[in-house]
Visitor: 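Before anything else, here's the structure in question.
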Amino acid sequence: MKENKNLVGFLLIKKKESVENMTDEEFKTHVDALILNKLEEPKKMSKQCEIYWNEIVLHQYNFERENAEVEELRKLTKNDLVQFMRVEI
């Protein structure tokens with residue numbers, strides 16, 4: 001168990017370094033790709049059903065979650081993420 005925690009910590013530190021060393025353009029490319037992924041319509045009706053049921057089971061009822069997340073992603077800057085990672089990791 002201790003090895004797993006050490007590995008997770010190591011991976012998080014490496015990811016933090018990766019974000020810090022990334023250019024603003026690279027960061028924007030990653031964010032844009034994530035936005036496209038979130039806005040993509042599910043290819044199967046069962047996937048859409050799964051998304052809705054997850055909201056119901058968790059008592060969240062935010063059926064427009066992807067759109068809300070996209071709006072927040074559009075506001076996110078590399079500096080915001082780096083500052084968050086410095087505090088949390």
Visitor: Please name the pair of heavy atoms, one in Arg74 and one in Glu71, separated by the smallest distance, quoted to 0.1 Å.
Guide: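 Heavy atoms of Arg74 and Glu71 come nearest at NH1-OE2, 3.1 Å.
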Visitor: Could you check whether any side-chain heavy atom of Gln60 comes within less than 4.5 Å of a side-chain heavy atom of Asn54, counting everything from C-beta outward?
Guide: no
Visitor: CG of Asn79 to CZ of Arg86: how many Å apart, nearest 0.5 Å?
Guide: 7.5 Å
Visitor: Would Asp32 and Lys28 count as a salt bridge (charged side-chain N to carboxylate O under 4.0 Å, His left out) here? Give the steps.
Guide: CA-CA 6 Å; Asp32 289 346; Lys28 184 177 179 340; 2.8 Å; yes
Visitor: I want to check something: taking the side chain as every heavy atom from C-beta on, are Glu66 and Leu39 in contact at a cut-off of under 4.5 Å?
Guide: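 Counting from C-beta outward, Glu66 and Leu39 never come under 4.5 Å.
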Visitor: Any non-hydrogen side-chain atom of Phe63 less than 4.5 Å from a side-chain atom of Ile56?
Guide: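 Phe63 reaches Ile56 side chain to side chain.
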Visitor: Please round to the nearest 0.5 Å and tell me the distance separating atom CZ of Phe27 and atom CE of Met22.
Guide: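 Spacing of CZ (Phe27) from CE (Met22) equals 7.5 Å.
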Visitor: State whether the side chain of Thr29 and the backbone N or O of Glu25 hold a donor-acceptor pair below 3.5 Å, judged by distance alone.
Guide: yes
Visitor: What's the separation between atom CG in Leu34 and atom CG in Leu73, rounded to the nearest 0.5 Å?
Guide: 5.0 Å
Visitor: Heavy-atom distance under 4.5 Å between the side chains of Glu17 and Lys14, does that happen here?
Guide: yes
Visitor: Verify, without hydrogens or angle tests, whether Glu26 (side chain) and Thr23 (backbone) share a donor-acceptor contact under 3.5 angstrom.
Guide: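 The answer is yes, because a donor-acceptor pair under 3.5 Å joins these two groups.
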Visitor: Would you say Phe10 has more than 12 foreign heavy atoms packed within less than 6.0 Å of its CZ?
Guide: no
Visitor: With rounding to the nearest 0.5 Å, note down the distance linking CZ in Phe84 to CG in Leu81.
Guide: 8.0 Å
Visitor: Following the transitive rule for hydrophobic clusters with a side-chain heavy-atom cut-off under 4.5 Å over Ile, Leu, Val, Met, Phe, Trp and Tyr, establish whether Val31 and Leu36 coincide in one cluster.
Guide: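 No, separate clusters.
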Visitor: Any donor-acceptor pair under 3.5 Å linking the side chain of Lys16 with the backbone of Val82?
Guide: no
Visitor: Considering only heavy atoms from C-beta outward, does the side chain of Lys38 approach that of Arg65 to under 4.5 Å?
Guide: no
Visitor: Between Thr77 and Asp80, does any side-chain donor sit less than 3.5 Å from a side-chain acceptor?
Guide: yes
Visitor: Minimum heavy-atom separation for Asn62 and Glu55, please, with both atom names.
Guide: N-OE1, 3.1 Å
Visitor: Consider only side-chain heavy atoms of I, L, V, M, F, W and Y, link residues closer than 4.5 Å, and tell whether Met85 and Val8 are in one cluster.
Guide: yes
Visitor: Please check this pair: side chain of Asn67 against backbone of Glu64, looking for a donor-acceptor N/O pair closer than 3.5 Å.
Guide: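 Checked: no pair found.
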